[in-house]
Amino acid sequence: MAFDYGKMEAKWQARWLDAGLNRAERDEGKPKFMSIFAYPGVTGYLHVGHLRGYTYVDAIGRYKRMTGYNVLFPVGTHATGNGGISLAKKIASGDEKTIDYLVRNGCPEERLSELRDPMSVVEFFNGVYQNEYWKRFGFLADWRRFTCTLYEDYGKFIQWQFRKLREAGLLIQKPYYASVCPGCGPVAVDPSETDLSKGGRAETQEYTLLKFRHGDEFLIAATLRPETVYGQVCFWINPEVEYRRVTKDGETWIVSPQAAEKLQLQKDGVEIVGSIPGRDMIGWMCEAPMIHREIPVFPASFCDPDVGTGLVTSVPSDAPDDWISLEAVKADPRMESEYGLTRELIDSVVPISIIEMKGYGDFPAKDIIDRMGITQPGDPKLVDAKKQVYKDGHHTGRMKPVCGEFAGMRVEEAKDRMKQAMIDAGEAEVFFDLTEEVVCRCGQRVHIKRIDDQWFINYADKDLTERTSAHCRTMDINPAEYADNVHGVLDWFRERACVRMGNWLGTEFPFDDRWIIEAISDSTLYPIYYIISPYANDGRIAPSQMTESFFDYVILGRGSAQAVSDETGIASDMVEDIRRDVLYWYPLDMNLGGKEHMTVHFPVFLFNHIAILPEEMWPRGITVNWYVTGKNSDKISKSKGGAQPIPGAAAKFGVDAMRLYYAHVASMFVDVEWSEDTVTTYRQRVDRIMGAVEDLVSAGTDAPSAPIDDWLMSRFNNHLVSIRTAMERNDLRAMATVVYFDMLNDMRWYTRRGGDNRTAIREALAIWIQAMMPITPHTAEELWEMAGFDGLVSAGQLPKPDMSRISASAEYAENLIRDVMSDITEIRKIAGIEPSRLILYTTAQWKRDVMSYAVEMLREGRLTVPDLTKRCMSDENIKRNGKAASELAKKVAVEFSRSTPEAKVPVFETDEATLFGSAAGFLSDETGLPVEVYSADAEGIHDPQNKARQAAPGRPAIYLE
RNA sequence: GCCGGGGUUGCCGAGUCGGAAAAGGCGCAGGAUUUAGGAUCCUGUCUUUAGUAGUUCAAGGGUUCAAAUCCCUUCCCCGGCACCA
């Protein structure tokens with residue numbers, strides 16, 4: 001049975017709460033650090049991937065706490081949208097999949113009945129997120145500040161924010177084409193399918209509607225390639241479809257039934273007035289736009305009534321579908337027998353070459369069909385063929401002379417020009433459609449709808465963009481690539497629709513209560529609200545008291561506390577307190593979010609701060625974290641359940657193992673594939689460290705201090721330096737490598753080398769355990785208590801490195817011993833002998849002298865081969881060694897000139913005879929051989945193979961006999 | 001398509017403002033310890049060798065005394081791209 005981590009975790013979490021470590025209070029005498037993670041949307045249970053980013057914020061906050069900062073770490077949730085509504089609906093209707101999903105993730109069955117209204121669902125998950133995820137993971141978040149976008153007080157804040165946006169002239173109105181569900185209103189079409197049950201990969205495409213005159217009515221084709229109209233030779237109709245006649249601006253249009261409905265959403269005054277079977281139109285002649293030629297209507301099975309208008313103009317030269325279908329028509333005898341088309345008419349239709357493009361002949365569609373081996377209409381490969389030709393044509397194509405005034409133009413340019421020309425001539429209109437079937441969570445089909453008076457936040461504003469971009473240069477943005485990239489993102493940002501109608505949860509738009517503020521727009525400035533939320537949460541202030549002048553004063557300092565008090569009835573002192581809280585905690589020091597936010601949340605977060613707040617409140621840092629993915633790099637989808645319920649994983653592996661996993665498994669800026677085996681190795685790592693500390697607590701004697709103790713203290717103080725350096729960049733991974741790997745290895749080496757000094761051990765343990773606090777806080781507390789140290793680690797301060805105890809020579813000496821040991825092993829292996837004794841010869845003094853001269857000259861910046869040789873030859877003791885001396889001088893001069901004096905001094909200053917003399921016992925134990933150590937300078941030593949001669953500083957000669 | 005990031009030893013990954021690559025981990029192999037546990041410890045893990053020498057950082061060129069690192073070309077992979085916080 002596995003160790004009950006849960007009990008140990010709960011114990012320490014309770015103590016932290018008792019000690020109030022998570023509560024953040026203004027303390028003007030202390031530097032502050034405020035950080036958040038972008039709050040999650042309440043769409044269901046989260047999975048182990050989400051905890052990755054959240055854990056970083058807690059670990060960084062804990063580190064900041066132990067290095068002198070007053071830390072504010074608030075959390076909240078984002079519930080704006082239809083997630084809660086649709087979940088509540090499904091639960092109420094007893095949807096089996098939903099119920100199963102909830103129960104599987106740990107929702108008690110007896111609670112299901114309360115989850116029938118949206119707000120209960122939201123509150124239920126607010127509880128789950130806080131208790132089962134964040135508290136469970138030991139976060140020191142200030143729970144008193146928890147807020148949710150659906151809380152009334154939060155809504156007051158959002159309304160205030162929109163008033164300020166309007167003041168700044170950033171709210172504008174204009175028509176908009178939105179993806180809309182007839183029941184729920186606008187929905188987000190994106191791969192996460194938060195709002196959808198199908199079609200998240202769909203994109204909105206802009207079609208050009210082309211009008212083909214037939215008598216006094218028009219056949220309407222939708223095309224993505226208006227530049228190909230010069231190549232039109234016929235017109236496709238699906239004979240099986242019952243098309244509709246609709247009126248539009250006094251004209252009669254013929255389109256598919258689905259298109260008729262879509263048109264009603266996008267155009268004014270469209271009415272269905274009749275219908276006509278597709279079959280009846282076969283053989284019609286209609287006048288093509290732009291080229292004004294009569295072209296015949298032919299049947300084609302690929303015309304999908306659900307795509308575009310269900311009618312297609314045929315450009316066989318450049319459209320693979322058209323080419324293959326035209327060939328089929330020509331080869332099909334039924335055209336004459338069944339549709340009564342004349343052979344003459346069919347034969348008169350021949351492709352026209354209109355675009356010249358690299359790598360293709362006169363008819364690109366034919367080329368790609370041949371290349372891909374397509375022989376039949378309806379071949380699925382046609383989809384790719386179409387994409388390929390389209391792409392190549394768009395970028396490399398040029399219009400041929402046949403294209404009238406557009407001849408010679410690049411396709412990219414001709415496309416827009418020709419579209420516009422036809423629109424101006426009344427021969428075409430713009431139409432939007434989705435690339436695939438999109439179904440709302442409520443089950444209804446989603447279409448594109450025109451909304452005339454849509455409100456936007458004008459993120460395209462030039463001045464705002466420039467100021468925001470400039471501010472980003474002063475921020476701490478990680479990773480560096482995003483710091484570079486964010487300027488491009490800000491430039492690229494256009495106006496953003498900020499309100500929506502329909503069945504949505506959210507804050508009412510303050511200027512028109514038919515609208516509700518949409519999800520991204522109500523989550524931009526909110527970090528500052530965490531400073532105010534505790535006053536609302538404990539009832540000191542009622543939402544009704546949160547007036548415009550209240551926020552104006554506490555956030556912007558406009559007006560006076562007394563005036564606010566008079567207006568709202570809030571005590572003037574409290575208003576003043578809130579104002580001072582805001583001034584103390586803001587700006588936000590770090591906002592951490594998943595990589596999708598590089599183009600979603602972070603830009604608007606920045607824009608709104610810059611637009612509304614004074615410069616001294618603009619954010620200081622952004623950190624982007626990448627995902628934990630499932631197999632095959634799929635994002636573990638939260639809307640689809642997720643692989644591993646979080647409480648289950650916490651119980652199985654222990655919270656600290658998971659925290660260490662997140663911190664260390666990879667850089668923050670790469671995706672990680674979730675693997676239980678990997679987490680298990682981190683579990684074992686934590687266990688191993690616990691075991692090692694346990695052993696060390698009872699180890700140690702009052703033995704006098706030995707060189708190995710100095711080494712240990714040097715190492716650990718160096719580690720403290722590394723930890724601080726790493727954490728200045730919030731590099732938890734580098735920090736974790738030091739704490740959970742290097743420090744353990746050092747403790748092992750210390751013990752192995754016979755280290756046994758209780759004072760040194762306890763000093764090292766204190767450093768080590770404290771260094772564990774940010775990432776594995778529960779384990780740190782447990783070990784701290786076990787070691788008998790006072791207080792809570794989480795409340796303590798990380799020791800500063802004691803530079804006086806860092807000793808390059810001590811560390812060099814141990815490395816030398818390790819090198820020699822590994823050389824001995826190496827020689828033993830290669831030589832293949834079973835030695836009975838081991839002899840070490842340490843360097844002759846003159847070689848150390850050569851190096852000493854070299855370093856001296858290196859410091860003076862005049863180290864060259866000839867100069868060092870000259871200098872050495874003037875020393876009798878060196879010169880006496882003849883050729884060996886000049887060769888060494890040459891080697892040393894070259895080698896040292898590439899290095900630094902600091903690195904080289906220990907090489908010759910180390911007293912190797914003493915070092916290895918005292919390590920002889922250790923080496924003997926390790927190798928199982930009797931060990932003798934001689935200086936190469938000594939007379940009459942045992943040296944049958946004349947090895948002593950080879951000994952050099954940093955490289956004692958080894959003889960195995 | 002636009003913008004961006006990458007290809008290092010079985011795997012994950014350090015190293016990338018040019019100055020001794022093969023840190024560390026995982027996996028694997030051998031040994032030790034231990035009465036079965038995914039435990040722990042030691043050793044090894046590019047080739048070669050009395051501790052040496054050599055080859056390598058996607059491929060090919062170039063700059064340099066010196067290149068995984070800088071430049072050019074080619075191939076391949078990945079991410080983001082707007083009502084998803």
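Because the structure is predicted, anything quoted here is derived from the model rather than measured. Each chain gets a letter, A, B and so on, in the order the sequences are listed, and its residues count up from 1.
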> Let's see if you can work this out: which of B:A82, B:C3, B:G51 has an atom nearest to the side-chain heavy atoms of A:Gln950?
B:G51

> Taking the six-membered ring for Trp, are A:Phe653 and A:Tyr661 ring centroids under 6.0 Å apart?
no

> A:Lys652 has an atom NZ; how far is it from atom C1' of B:G38, in whole Å?
11 Å

> For A:Phe605, which contact category applies under a 4.0 Å heavy-atom criterion: base, sugar-phosphate, or nothing?
nothing

> Atom CG of A:Asp925 to atom P of B:A32: distance rounded to whole Å?
18 Å

> Without hydrogens or angle criteria, can the side chains of A:Ser469 and A:His487 be said to hold a donor-acceptor pair below 3.5 Å?
yes

> With both distances under 3.5 Å as the test, what is the Watson-Crick or G-U wobble partner of B:U40?
B:A32

> Assess whether salt bridge (Lys or Arg N to Asp or Glu O under 4.0 Å) is satisfied between A:Asp943 and A:Lys947, documenting all intermediate values.
CA-CA 6 Å; A:Asp943 185 12; A:Lys947 292 275 183 195; over 6 Å; no

> Between A:Arg496 and B:A82, is there a contact of a side-chain N or O with OP1 or OP2 at under 4.0 Å?
no

> For the pair made of NE2 in A:His487 and C1' in B:G4, what is the distance, rounded to whole Å?
14 Å

> Nearest to the A:Thr599 side chain among B:G80, B:C26, B:G51, which nucleotide is it?
B:G80

> Which value, in whole Å, describes the distance between the P atoms of nucleotides B:C46 and B:A21?
16 Å

> By the 4.0 Å heavy-atom rule, please label A:Ala497 as base, sugar-phosphate, or nothing.
base

> Given that both distances must come in under 3.5 Å, which nucleotide forms a Watson-Crick or G-U wobble pair with B:A21?
none

> Side chains of A:Leu606 and A:Val486, heavy atoms from C-beta outward: is any pair under 4.5 Å?
yes

> Name the pairing partner of B:U9, where a pair is Watson-Crick or G-U wobble with both distances under 3.5 Å, or state none.
none

> What does B:G27 pair with, Watson-Crick or G-U, if both distances are under 3.5 Å?
B:U45

> May I ask you to say what A:Ser523 touches in the nucleic acid, namely base, sugar-phosphate or nothing, with a heavy-atom cut-off under 4.0 Å?
sugar-phosphate

> Any sub-3.5 Å donor-acceptor pair from A:Arg828's side-chain atoms to A:Asp823's backbone N or O?
no

> Take A:Gly593 and A:Thr680, find for each the nucleotide of RNA chain B with the closest heavy atom, and name the residue whose nucleotide sits nearer the 5' end.
A:Thr680

> Rounding to an integer number of angstrom, what distance separates B:A36 and B:A23 when you compare their C1' atoms?
35 Å

> Could you tell me how far B:U33 sits from B:A39 if I compare only their C1' atoms? Round to whole Å.
11 Å

> If you check the A:Arg685 side chain, which of B:A82, B:C26, B:G51 turns out closest?
B:C26

> Taking the side chain of A:Gln684 as its heavy atoms from C-beta onward, which of B:G38, B:G51, B:A85 lies nearest to it?
B:G38

> Start with the C-alpha gap between A:Ile172 and A:Trp455, add the side-chain angles, then the distance that decides, and say whether side chain to side chain contact (heavy atoms under 4.5 Å, CB included) holds.
CA-CA 6 Å; A:Ile172 56 174; A:Trp455 287 92; over 6 Å; no

> Rounded to the nearest Å, what distance is computed from the CD atom of residue A:Glu676 to the P atom of nucleotide B:C26?
18 Å

> Establish, from distance only, whether the side-chain atoms of A:Glu518 and A:Ser521 form a donor-acceptor pair under 3.5 Å.
yes

> Could you tell me the separation between the OH atom of A:Tyr54 and the P atom of B:A85, rounded to a whole number of Å?
11 Å

> Is the closest side-chain donor-acceptor distance between A:Glu961 and A:Tyr959 under 3.5 Å?
yes

> Which whole number of Å gives the distance between the C1' atom of B:U52 and that of B:A66?
23 Å

> Determine the Euclidean distance between corresponding C1' atoms of B:C57 and B:G6; express it in Å to zero decimal places.
14 Å

> Apply ring-ring contact (aromatic ring centres under 6.0 Å, His included) to the pair A:Tyr682 and A:Tyr740, showing each step before the final yes or no.
CA-CA 10 Å; A:Tyr682 283 103; A:Tyr740 299 90; 8.9 Å; no

> May I ask which nucleotide in the shown strands pairs with B:G4, Watson-Crick or G-U wobble, both distances under 3.5 Å?
B:C78

> Contact class for A:Phe741 vs. all strands (heavy atom < 4.0 Å): base, sugar-phosphate, or nothing?
sugar-phosphate

> What's A:Pro527 touching, base or sugar-phosphate or nothing? Going by heavy atoms closer than 4.0 Å.
nothing

> So which nucleotide from B:G4, B:A85, B:G51 ends up closest to the side chain of A:Asn485?
B:G4

> In the 5'-to-3' direction, what one-character label does each nucleotide of nucleotides 42-50 of chain B receive under the scheme B = base within less than 4.0 Å of a protein heavy atom, S = sugar-phosphate only, - = no such atom?
SS-----BB

> For A:Glu596 and B:A82, give me the distance from atom CD to atom P, rounded to whole Å.
13 Å

> Can you tell if the side chain of A:Leu588 reaches within under 4.5 Å of the side chain of A:Ile36, non-hydrogen atoms only?
yes

> Can you tell which of A:Thr468, A:Thr465, A:Asn608 makes a side-chain hydrogen bond (donor to acceptor under 3.5 Å, both in side chains) with A:Tyr459?
A:Asn608

> With a 3.5 angstrom cut-off on both distances, give the Watson-Crick or G-U wobble partner of B:U73, or none if there isn't one.
B:A59

> For A:Lys595 and B:A85, give me the distance from atom NZ to atom P, rounded to whole Å.
17 Å

> Quick one: do A:Ile827 and A:Leu960 satisfy side chain to side chain contact (heavy atoms under 4.5 Å, CB included)? Show the steps, please.
CA-CA 8 Å; A:Ile827 293 168; A:Leu960 288 170; 3.7 Å; yes

> With sequence neighbours excluded, what pairs up with A:Asp731 under the side-chain contact (heavy atoms from CB on, under 4.5 Å) test?
A:Ala726, A:Arg729, A:Arg733, A:Ala734

> Between B:G7 and B:C71, how far is it from one P atom to the other, in whole Å?
14 Å

> How many whole angstroms separate atom CG of A:Asp677 from atom P of B:C28?
10 Å

> Atom pairs under 3.5 Å, N or O on each side, protein against nucleotides 9-17 of chain B: can you list them with distances?
{"from": "B:G13", "atom 1": "O3'", "to": "A:Arg733", "atom 2": "NH1", "distance (Å)": "3.0"}

> Looking at A:His78, I'd like to know whether one of its side-chain N or O atoms comes within less than 4.0 Å of OP1 or OP2 on B:A85.
yes

> Of A:Trp626 and A:Arg494, whose nearest nucleotide on RNA chain B comes first from the 5' end?
A:Trp626

> What interatomic distance, in whole Å, is found between C1' of B:C26 and the corresponding atom of B:G44?
16 Å

> Taking atom P in both B:A82 and B:A68, what distance in whole Å separates the two?
41 Å

